**Q** 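I'd like to ask you about the structure that follows.
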2 protein chains.
Amino acid sequence: MPDRSALPEPTGAGLDATPASLAAPRWARIATALKGRILAGEWASGTAIAAESALAEHYGVALGTMRAAIQALVDEGLLERVHGRGTFVRGALTGATMARFFRFGDAGSEIPESRIVSLRTLAAPADVAMQLGLAAGTPVLRVLRQRGWEGQVRLLETIWLPAPLFGALAALKPAEFAPLLYPMYAERCGVTVGRAVDDLRFTRLGAREAAQLSLPEGHPALAVSRVAFDLAGRRVEFRQTLGNADDFHYRAEVR
Amino acid sequence: MPDRSALPEPTGAGLDATPASLAAPRWARIATALKGRILAGEWASGTAIAAESALAEHYGVALGTMRAAIQALVDEGLLERVHGRGTFVRGALTGATMARFFRFGDAGSEIPESRIVSLRTLAAPADVAMQLGLAAGTPVLRVLRQRGWEGQVRLLETIWLPAPLFGALAALKPAEFAPLLYPMYAERCGVTVGRAVDDLRFTRLGAREAAQLSLPEGHPALAVSRVAFDLAGRRVEFRQTLGNADDFHYRAEVR
DNA sequence: AAGTGGTCTAGACCACCGA
DNA sequence: CGGTGGTCTAGACCACTTA
């Protein structure tokens, strides 16, 4: 006997059913409920959720319907199916590295060197507050970072993080920062970055920036502004990156 | 009685079935067969293919299997489903315009002005031949074009087309070219562009280019190299576009 | 009203993985 | 081997579009 009590919005025989609940297909309602359970932390990032058959029984639907619900979350990037093993909660973003916008001489796919130059908590400037969806003046953690390959500094990064979420980082020494930040956000702060939007523009280097990159002042540069979102869709990071425009390279596919 | 003779690789009782045919799921084999019929022109671009139920009966499979086959071609970008109306063969690419890489003052979403500067048939240079997958020296049609907004030239384009496919264009006068090329390729030459790959880099303007764009020589520029593919996956166009780097803007989403 | 795609069921069997 | 996701069936009924 299926446990229909778990249905998010049971299709009862009453007249009390809301129009909204009837408008959405069953698989969509179940997907929403399942998403809630995932975001609530019922299954840790990287672990397998319950089996399709078990979930189908739990929600009192046919297997095909349950598969449709799961597929919706897979398309959304929240889950990952592996034949024969299970359906897994996706971990932090990979492949979102800023290095993908550049081609550097020999250094191909290695993780670049990374150096934290500054780490301060301060009141969010207006533009940063807007990008993070915060009130201006909210405390934020500002991280200045240099990234490079083969001893040469190639990218300058300014990273803004809402202080309440990232308190654990403010106490760290610069040397304790890992080269990849997103896994560190997940481990130290419980923040899983699931999506990011990069905004590319072209600019010219100021004196300070040029000096750090060993380039002349006014040299052409690529400026990337990123807003990163966690699995629940909250804005959790605003990042500005500068690099030599001559190293820029990007491939965009259209269909 | 279902017409199983239409099955691309019937699951006969014989020993003659190839391993390959058994390896692929049934929906995949049917998708391949259906794709062949579409590329062969059985249904014109923009028109509806046969109904799911009819196709399911034709191939002798259940509706769910037929739907899976169709869905595969939808994901591939070859078909488009419209609830209540039918399943349609997708037309030429839209939204692949070079203008999406730029932000121009006021001119928002209007189609830019377009002027054909030159139209010649010549032997393909080595790099063009490589990008189009042709032997060097194969005849190609070269189109030089300027695009602009509000009377100001903003983009310079060099377009290379395999002469055999685009013979109909070589006879045209420059004034007879439409502002949007892909629909024209479809109408005049029967070539439907279904996919394109854009490669972005920064460069600097040469004297000639700078003069056309009313910019100083050596000014930073965005260079886009595009290879466009038709529905069958053939390379049908190689295009190089130049624009002011200061007008560059692009949004990349990562997940 | 007729025809289209969309949802859903209640099964069966297959392919893959790990202990 | 048992458990997972993947494929497939033969229906039923719903939602949307067009005439």
Side-chain angles (χ1 to χ4, degrees), chain A residues 1-4 7-11 13 17 19-34 43 46-75 78-90, chain B residues 1-2 4 7-11 17 19-34 43 46-75 78-90:
Chain A
M1 165 183 160
D3 172 14
R4 288 187 183 262
L7 258 179
E9 291 170 349
T11 309
S21 73
L22 295 174
R26 213 147 169 193
W27 62 260
R29 280 179 280 153
I30 293 174
T32 302
L34 188 56
W43 299 283
T47 65
I49 65 173
E52 291 178 344
S53 54
L55 288 169
E57 194 182 4
H58 179 259
Y59 285 111
V61 297
L63 205 80
T65 305
M66 194 61 228
R67 282 180 61 79
I70 291 172
Q71 189 56 46
L73 297 186
V74 170
D75 292 342
L78 204 62
L79 292 175
E80 217 165 3
R81 325 185 70 146
V82 184
H83 191 172
R85 300 220 304 131
T87 303
F88 298 81
V89 179
R90 271 195 38 170
Chain B
M1 164 181 159
R4 288 186 185 264
L7 258 179
E9 292 171 352
T11 309
S21 73
L22 295 175
R26 209 142 170 201
W27 62 260
R29 281 179 279 153
I30 293 175
T32 303
L34 188 55
W43 299 284
T47 66
I49 65 173
E52 292 178 344
S53 54
L55 288 169
E57 193 183 6
H58 180 258
Y59 286 111
V61 296
L63 217 116
T65 305
M66 195 61 228
R67 280 181 61 80
I70 291 171
Q71 189 56 47
L73 298 186
V74 170
D75 293 342
L78 203 63
L79 292 175
E80 217 166 4
R81 326 185 70 147
V82 184
H83 191 171
R85 301 220 304 131
T87 303
F88 297 81
V89 179
R90 270 194 38 170

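From a predicted model like this one, the values you see are computed outputs, not experimental measurements. Labels below follow one simple rule: chain letters A, B, ... track the order of the sequence lines, proteins then strands, and each chain is numbered from 1.
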**Q** Nearest whole angstrom, please: distance from the P of D:dT4 to the CD1 of A:Ile70.
**A**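 Value for this atom pair: 12 Å.
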
**Q** Would you name the heavy atoms of A:Gly46 and A:Phe88 that are closest together and state the gap between them?
**A**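 Heavy atoms of A:Gly46 and A:Phe88 come nearest at O-CD2, 3.5 Å.
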
**Q** Could you check how far CG of B:Leu55 sits from C1' of C:dT4, rounded to whole Å?
**A**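 After rounding, the gap between these two atoms is 12 Å.
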
**Q** Applying side-chain contact (heavy atoms from CB on, under 4.5 Å), name anything that partners B:Ala68, two or more places apart in sequence or on another chain.
**A**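 So B:Ala68 forms a side-chain contact (heavy atoms from CB on, under 4.5 Å) with B:Trp27.
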
**Q** Please state how far atom CD in A:Glu80 lies from atom C1' in D:dT4, giving the value in whole angstrom units.
**A**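 Rounding to the nearest Å, CD of A:Glu80 and C1' of D:dT4 are 16 Å apart.
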
**Q** Rounded to the nearest 0.5 Å, what separates atom CG in B:Leu34 from atom OG1 in B:Thr87?
**A**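 Separation between the atoms: 9.5 Å.
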
**Q** What pair of heavy atoms forms the shortest contact from A:Ile30 to A:Tyr59, and how long is it?
**A**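 Looking at all heavy atoms of both residues, the shortest contact is CG2-CD1, 3.8 Å.
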
**Q** Quick check: do B:Arg29 and B:Val61 have side-chain heavy atoms less than 4.5 Å from each other?
**A**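 No, too far: nothing below the 4.5 Å cut-off.
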
**Q** Can you tell me the distance, in whole Å, between the CZ atom of B:Arg67 and the P atom of C:dT7?
**A**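 So the two atoms are 7 Å apart, to the nearest Å.
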
**Q** Which residues pass the side-chain contact (heavy atoms from CB on, under 4.5 Å) test with A:Thr47, sequence neighbours left out?
**A**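 By the side-chain contact (heavy atoms from CB on, under 4.5 Å) rule, A:Thr47 matches A:Trp43, A:Ala44.
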
**Q** Nearest-Å distance, CG (B:Leu73) to P (C:dG5)?
**A**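 In whole Å, C:dG5 P lies 14 Å from B:Leu73 CG.
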
**Q** Rounded to the nearest 0.5 Å, how far does CG of A:Leu78 lie from CZ of A:Arg90?
**A**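 Output value for this atom pair is 8.5 Å.
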
**Q** Among residues at least two apart in sequence or on other chains, which ones pass side-chain contact (heavy atoms from CB on, under 4.5 Å) with B:Ser53?
**A**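 Result, side-chain contact (heavy atoms from CB on, under 4.5 Å) vs B:Ser53: B:Ala51, B:Leu63.
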
**Q** Roughly how far apart are A:Glu80 CD and A:Ile49 CD1, rounded to 0.5 Å?
**A**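 Here the interatomic distance stands at 12.0 Å.
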
**Q** At what angle, to 10 degrees, do the two end axes of the helix from C:dA1-D:dT18 to C:dG18-D:dC1 meet, given five pairs define each axis?
**A**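 So the angle between the two local helix axes works out to 20°.
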
**Q** By side-chain contact (heavy atoms from CB on, under 4.5 Å), which residues pair with A:Val74, not counting sequence neighbours?
**A**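 Applying side-chain contact (heavy atoms from CB on, under 4.5 Å) to A:Val74 gives A:Ile70, A:Gln71, A:Leu79, A:Arg81.
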
**Q** Quickly work out the B:Ile30 CD1 to D:dC8 C1' distance and round it to whole Å.
**A**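 Taking atom C1' of D:dC8 as the reference, CD1 of B:Ile30 is at 11 Å.
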
**Q** Round to a whole Å and report the spacing from CD of A:Glu57 to P of C:dC8.
**A**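 Rounded to whole Å, this separation is 19 Å.
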
**Q** Sorted by first residue and then second, give each salt bridge (charged side-chain N to carboxylate O under 4.0 Å, His left out) pair with at least one member in residues 59-70 of chain B; sequence neighbours left out.
**A**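 Residue pairs passing salt bridge (charged side-chain N to carboxylate O under 4.0 Å, His left out), neighbours aside: B:Glu52-B:Arg67.
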
**Q** Figure out the CG/P separation between A:Leu79 and D:dG6, and round it to whole Å.
**A**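 Going from CG in A:Leu79 over to P in D:dG6 covers 12 Å.
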
**Q** Pull out every protein N or O sitting under 3.5 Å from an N or O of nucleotides 16-19 of chain D, one pair per line with the distance.
**A**
from: D:dT18; atom 1: OP1; to: B:Arg85; atom 2: NH1; distance (Å): 3.4

**Q** Closest approach of A:Ala31 and A:Ala69, non-hydrogen atoms and distance?
**A**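 Heavy atoms of A:Ala31 and A:Ala69 come nearest at CB-O, 3.7 Å.
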
**Q** Write down the protein N/O and nucleotide N/O pairs, taken from nucleotides 9-12 of chain D, whose separation is under 3.5 Å; answer none if there are no such pairs.
**A**
from: D:dT9; atom 1: OP1; to: B:Arg26; atom 2: NH1; distance (Å): 3.4
from: D:dT9; atom 1: OP2; to: B:Ala62; atom 2: N; distance (Å): 2.9
from: D:dT9; atom 1: OP2; to: B:Thr65; atom 2: OG1; distance (Å): 2.3

**Q** Any residue in residues 46-54 of chain B with a heavy atom nearer than 4.0 angstrom to DNA chain C? Just list them by number, or reply none.
**A**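 Contacts with DNA chain C under 4.0 Å: B:Ala51, B:Glu52.
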
